[in-house]
Protein chains: 2
Amino acid sequence: MSQTLRLPEILELARETGKVAVEDLAAHFGVTVQTIRRDLSELAEVGQLDRVHGGAVLPSGITNLGYEERRSLNQPAKRALARACANDIPAGACVFLNIGTSTEAVARELLHHNDLMVVTNNMNVASILAPNTNCEIIMAGGVLRRADGGLVGSLTTRMIAQFKFDYAVIGCSALDQDGDVLDFDFQEVTVSQTIIAQARQTFLVADHSKFQRHAPVRITSLSKLDRFYTDLALVPPLATACKTWQTDVRLCA
Amino acid sequence: MSQTLRLPEILELARETGKVAVEDLAAHFGVTVQTIRRDLSELAEVGQLDRVHGGAVLPSGITNLGYEERRSLNQPAKRALARACANDIPAGACVFLNIGTSTEAVARELLHHNDLMVVTNNMNVASILAPNTNCEIIMAGGVLRRADGGLVGSLTTRMIAQFKFDYAVIGCSALDQDGDVLDFDFQEVTVSQTIIAQARQTFLVADHSKFQRHAPVRITSLSKLDRFYTDLALVPPLATACKTWQTDVRLCA
DNA sequence: ATTAAAACGAACATATACGAACATATATAT
DNA sequence: ATATATATGTTCGTATATGTTCGTTTTAAT
C-alpha cells in the first residue's frame, strides 16, 4: 500500500477516536513505525493532525481545511509584501481579503491590528484571523472549492455586492507584461470583479513569479487598481504605464 | 506544554463525572501515578482542569460549557444518534446542517455518503465534510462566531432563504418537557427558524442531557418537526404528545 | 495540637520515541 | 530496457517521556 492510500485512512481512524498511536498504525498497515512517523509528520505539517509523543491527536480549535502549501507561506518575499500591505491598512477599516496564498499571508500580518472588519471568501483567512478577537470576521457564502478553501459562485458574488469596503486586497494567478491581471478560474474572476467594484481602494499583492505564469481569464488591469505590492522592479514599459495610470507600485524587500 | 496521547482522554473522563482520581487514571492507562500527576499538572497549567489532592476537577462551572467541552460530552450517544440520522438521508439529497456539536457528529457520519449537496452555516461541518469529494459543500455567509465556528446574523438568514432543502438537520441547546426546542443565542434562533421554513423535512438531533438544561429563546416546538433522534425514552406525557403531533421519535442505542 | 497515612514534587536513571542519514525496494518516465 | 523519482526499511545518536526514590506537604483522625 502506498502512502497516498494510508494518509486518508489514518485521518479517518483519528476522527473516530480522536487519536492514533504510532505503534497501532504500524501494525494496522504492516509497515515500520518510521514510515508511520513520516505519515504523521506530513499530516501535522498540513495541520490535519497535531503530533504528540507516541502518536497524533485531532487538532483542537476551529476549522482546518487541508492545504498543502502551508510551509511555502513562510517565504520571506511573500511575507514582506504582506507586511507592507497590512501596514497600510488602518485600524477601524473594513477590508476584503479574497482567495490565494498571498492574501492569507496578509491575514497573518493583520493578526495584531485592532478594530478591523474583515470580509472574506477564503476559509483559511477566517481560521488564520480567528485568534484576533479585535477583528470582526464575516464570511461570504458560496460553493466550497476544496483545493484552496475558497468560496466561489453566484452566491458569493451576490453576497459581496451587499458590502462596501474601504480596502480590497486581492491576489491573482498570473500577470501579463501589459498590466493585465489574470486568473485560472472563471468563477473566481467574477467574484474578484465584484470585489473591485465594491471597494474604495483595491490593492493587488503578487510577487514577481506571477509575471512568469500565464492564465486564461482576465480579471482587470493594473490601470484600474490603486496599489500593487510586489518584490521586483517591473519591466520599464510597464513601470511607466503604471505611472500614467497612477497605480502606486510598491517594491518590498 | 508537551503533549501526550492521554491528555484528551483524561479531559473526556473528567467531563463525564466532573472529576478524576490519580490512582484511577494510573490504573486505567497502566502507568505510574507520577506520570498521571505530570499530566494533570499540564492540564491544570492550561486551565483545563483544577488540581485537587488525589486528582483533578473541572474548572468551576461559572459559564456555559465551552465548545470543546460540549464536543466531548456524551460522545458515544451522540454518535449513535448521528449515525441513525445519517442513515435516513438518501444519496442525492440536499441537506442543511446547522450549528452545534450534534450536527457536526452527523457530518462525520455523512463522510461516506454519495452525491450529497450540503449547505451549512458551521465552519466545522465544512471542514469535517471536505474530505468527502462526492459531496458539494455550500457555506452560508455571515458573521463568524469564534466560540464554535458558527455563522450567524441577517446575512446568514438571507442566504438560507434562497434555498429549499430536502432535509434540515438541526441541534439545540435545551429541550423543555412540553416539547419546546430552545437555544441560548437569539441570532442563532432566527437562523434556525429560517432553516425550518425552507426545509421539506426537519430532523432534530439531541441527546437526553438537553432535557436537563435550560435556555432562554424558543426556536420551535417538537410538534412542528418531522423527526426527533434521541437516546432515552421521553417522559410519557411528551411521548403521547409526539404521537398526536405525528412527530417521529427515534430512540437510538 | 499531634500523628500517621496518603499524596505531592523534585531529582535522577532508564526506557522509549524521535528524526536524520543512508540503503533498498518500488513506481514512473524516457 | 534503463534511468529517475518516490516510497519504505534500517541504523544510530539525540530528545523526550516514564519509572523510581526520597524528602516534604497535605489530609484526616485522634
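Each chain gets a letter, A, B and so on, in the order its sequence line appears, and its residues count up from 1.
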*Rounded interatomic separation in angstrom, taking NE2 from B:His53 and P from C:dC8*: 5 Å
*Taking atom C1' of D:dT8 as reference, at what distance in whole Å does atom CG of A:Leu25 sit?*
16 Å
*Of the non-hydrogen atoms in A:Thr230 and A:Ala206, which two are nearest, and what is the gap between them?*
OG1-O, 2.8 Å
*Side chain A:Arg38 and base D:dG9 donor-acceptor under 3.5 Å*: yes
*To the nearest Å, give me how far apart CZ (B:Arg6) and C1' (C:dA17) are.*
13 Å
*Within-4.5 Å side-chain heavy-atom neighbours: A:Thr120 and A:Met139*: yes
*Phosphate OP1/OP2 of D:dG9: any A:Thr32 side-chain N/O under 4.0 Å*: yes
_Spacing between B:Gln34 atom CD and C:dA10 atom P, to the nearest angstrom_ = 9 Å
*Quick one: label A:Val22 by what it contacts on the DNA or RNA (base, sugar-phosphate, nothing), any heavy atom closer than 4.0 Å.*
sugar-phosphate
*Hey, what bend do you get for the helix from C:dA1-D:dT30 to C:dT30-D:dA1 if you fit axes on five pairs at each end, rounded to 10°?*
50°
_Atom-to-atom span, CG of B:Leu40 to P of D:dT18 - whole angstrom_ = 13 Å
_Whole-Å distance separating the CD1 atom of A:Ile10 from the C1' atom of D:dA7_ = 14 Å
*Could you please name the option among D:dG9, D:dT18, C:dG19 that lies closest to any side-chain atom of A:Arg37?*
C:dG19
*Can you list the steps and then say if B:Val118 with B:Leu97 is a side chain to side chain contact (heavy atoms under 4.5 Å, CB included)?*
CA-CA 7 Å; B:Val118 172; B:Leu97 300 179; 4.1 Å; yes
*Return the value, rounded to whole Å, for the distance between atom CZ of B:Phe29 and atom P of D:dG19.*
12 Å
_Option from B:Asp185, B:Asn122, B:Asn121 for which side-chain hydrogen bond (donor to acceptor under 3.5 Å, both in side chains) with B:Arg145 holds_ = B:Asp185
*Give a yes or no on whether a salt bridge exists between A:Arg218 and A:Asp183, defined as a side-chain N under 4.0 angstrom from a carboxylate O.*
no
*Is any side-chain heavy atom of B:Pro90 closer than 4.5 Å to a side-chain heavy atom of B:Tyr167?*
yes
*A:Asp231: side chain to side chain donor-acceptor pair (under 3.5 Å) partners, not counting sequence neighbours*: A:His208
*Could you check how far CD1 of B:Ile36 sits from C1' of D:dT20, rounded to whole Å?*
16 Å
*asked:* Taking 4.0 Å as the cut-off, does a side-chain nitrogen or oxygen of B:Arg51 come that near to OP1 or OP2 on C:dA7?
replied: no
